[in-house]
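Okay, so here's the structure we're looking at.
Being a predicted model, the structure only gives us computed values, none of them experimental. Residue numbers start from 1 in every chain, and the chains themselves are labelled A, B, ... in the order their sequence lines are given, proteins ahead of strands.
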Number of protein chains: 2
Amino acid sequence: MKMEKETTIYDIAKQLNISPATVSRALNDHPAINIDTKKVIISKAKELGYRTNIFASNLRRKKTNTIGVIVPRLNSYFMSTVLAGMEKVANEASYNLIIAQSLESVKKEMANVKTMFNSHVDGLLVSLSYDTENLDHFEPLIKKGVPILFFDRVLTHKKCTSIVIDNLKAGYEATNHLIAQGCKHIMHITGNLQRNVYQDRLKGYRLALAESGLHYCEELVRTTDFSYQSVNEMVQYLTSLKPVPDAIFITNDFYAAHCIVALKQAGFSIPEDIAIVGFNDDPIAMVVEPNLTTVRYHGQEMGEVAAKSLINHLNEQSSIKDTNAIILHSELVVRASSLKGKST
Amino acid sequence: MKMEKETTIYDIAKQLNISPATVSRALNDHPAINIDTKKVIISKAKELGYRTNIFASNLRRKKTNTIGVIVPRLNSYFMSTVLAGMEKVANEASYNLIIAQSLESVKKEMANVKTMFNSHVDGLLVSLSYDTENLDHFEPLIKKGVPILFFDRVLTHKKCTSIVIDNLKAGYEATNHLIAQGCKHIMHITGNLQRNVYQDRLKGYRLALAESGLHYCEELVRTTDFSYQSVNEMVQYLTSLKPVPDAIFITNDFYAAHCIVALKQAGFSIPEDIAIVGFNDDPIAMVVEPNLTTVRYHGQEMGEVAAKSLINHLNEQSSIKDTNAIILHSELVVRASSLKGKST
DNA sequence: ATGAAAGCGCTAACAC
DNA sequence: GTGTTAGCGCTTTCAT
């Protein structure tokens, strides 16, 4: 195949009888450059199909303009909105994104971190995998001074900032809502309690119970990996309880939706027999019947804030050094799955 | 903040009193290198926290080991499995992935392509946006000899390979299934007919109708952008038809699920009044009631095949030059939403 | 406003 | 098996 040789600034310089330095400056919007020479250079560059060699540029400038993103999975509505937010901000600031999924495994997460390390990312945005226990694998990056910002699923580290919602409050509100509906035996199905998001929501759950004088009962709290396969077992478990719970607060909309289906199949009425509250306001909440009450938080915003904070820090427009955490807004969205008809 | 200076092969060389070339060779598993020197070098490298500067390396080797991926959206189950497949293969071949979403807009797609171009990706994997009309914006890449492989949503280009399922066959089978259930007025709701996937499925639909002697009727075919907001309007339209369709083949599971909900609200029984078939086997198919009959195809496999083909081509282990298209398997998964009880 | 020149860190051709 | 050396394409002082 005949293919064009790569054009360099030297080619442009030669053709225009000027120096490569001038070409470089023109292409980079250097202030001290004649507007006319600049125009000529840019049009010549276009003509020759020039593209900057970012490797030469990165090598020289010791900056890659690349941000690494590690997420557990890409396949949730929430995560994809987060990424859209990050991409938007990154694009505007001419940063590139390298995205990797840990598929909920620390092992994969470690490999991802290593890749990011070797890619010399300027900074890292991370939502931790299901079973990450500590941040040791991030140390090499931290030692090199690469800023790391955790979002949503975080662990605290004295040198890193976290972006989260107030999960305790969200869990509290969800549980309180169920209590307000008259529920007395509220089950809580959640994820690995090492993850802040689940730990804090549990705290909120307990707080709400305590405030209402309801008894906290260990057998009403169950953790799961949210796999589709485990739903039936879970439903079997909960229906074997005495008394059967009259409400469930489930920290995952997809799992909640599957539970609703399974519970209905088992003969329960939702919400009359069992009221359900989910988490995340996934579009599935509007499909499952009855529609799912859930906690909404804005993924796009979280992504934007995360990326913006990191980039501002990188551009030294502000520092996140001393910011320990940024808390974003969340709200309970009440739908039919939790509304016990009070008037009947 | 005190942070370590970046270690180079020169640092290692100096400390070990050998030449940088030897260090480079050792680190790159060059065959002609003493096993002992290699060991010493590697342990020294680890000690100093050395990481290769891929920019210097890329600059020198004129290869980036990076593959660009452009997809319409990340937020579908299908797409995330595709990406997981690509990542797996890429990782194994030590390629990196740069992922970008076009958010279904050509404009954004063009920007993405430009970014990829400037990132000097070795190759590109693309699923086209909703409204892409031609491949002109890929020409700069093609001119430079960067191989581009389209998957799922494709347009043919003499220099590019496509990876798809047999959408015509899938559409044909879906429609035929509905016909076999005794449906006579089968509606088809689909996407922009410029996209091969929708165009071909429509062809399959028409073929099935024709074969069964059913009349093809334009008012039974509607296109949509699959936005949640348009569901009600669509349902209103279809219920205003005379006669009201007794089946709908919808080329998107999410939209199909929403339609089921809306139709039920409008008083229709699914599948008795209206049978529904979707497309993609999204997990939502198992949540909506009745469970959705759909066409399944394996995203992970599509991702793996796409990445593998491209990488093999890049490594010159095989060429995709003369491969116009690769067709993957798909199958109809029959569930309750389309099963009219024949025995009643 | 522009040019000359050095050097970022690595690799590979060539020598020994 | 190892060293020498040149240069990938760019940016950036320092001059002018």
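- Counting heavy-atom neighbours within 6.0 Å of Tyr50(A) OH, excluding the residue itself, gives a total above 12.
- Side-chain atoms of His298(A) and Glu304(A) include no donor-acceptor pair closer than 3.5 Å.
- Of the N and O atoms on the side chains of Asp122(A) and Thr64(A), at least one donor lies less than 3.5 Å from an acceptor on the other residue.
- Enclosure of atom OH in Tyr130(A) by more than 12 non-hydrogen atoms of other residues, nucleotides or ligands within 6.0 angstrom is indicated.
- Between the NZ atom of Lys14(A) and the P atom of dG9(D) there is a distance of 12 Å, rounded to whole Å.
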- request: Quick one, give me the B/S/- string for nucleotides 2-9 of chain C, reading 5' to 3', where B means a protein heavy atom under 4.0 Å from the base and S means that only happens at the primed atoms, P, OP1 or OP2.
  value: BBB-BBBB

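- A distance of 11.0 Å separates OG in Ser162(A) from CD1 in Ile148(A), rounded to the nearest 0.5 Å.
- Within the structure, every pair that satisfies the side-chain hydrogen bond (donor to acceptor under 3.5 Å, both in side chains) test and touches residues 106-118 of chain A, not counting sequence neighbours, is listed here: Lys108(A)-Glu87(B), Glu109(A)-Thr132(A), Glu109(A)-His137(A).
- Asn28(B) has a side-chain polar atom (N or O) that falls below the 4.0 Å cut-off from OP1 or OP2 of dT11(C).
- Note on the helix from dA1(C)-dT16(D) to dC16(C)-dG1(D): angle between the axes of the first and last five pairs equals 30°, rounded to 10 degrees.
- Between the CD1 atom of Ile9(A) and the CZ atom of Arg25(A) there is a distance of 10.5 Å, given to the nearest 0.5 Å.
- To the nearest angstrom, C1' of dC10(C) lies 15 Å from CG of Asn65(B).
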message: For a salt bridge (charged side-chain N to carboxylate O under 4.0 Å, His left out) check, start with the C-alpha distance between Glu104(A) and Arg153(A), then their side-chain angles and the critical distance, and finish with the verdict.
response: CA-CA 11 Å; Glu104(A) 302 287 11; Arg153(A) 305 224 293 223; 2.4 Å; yes

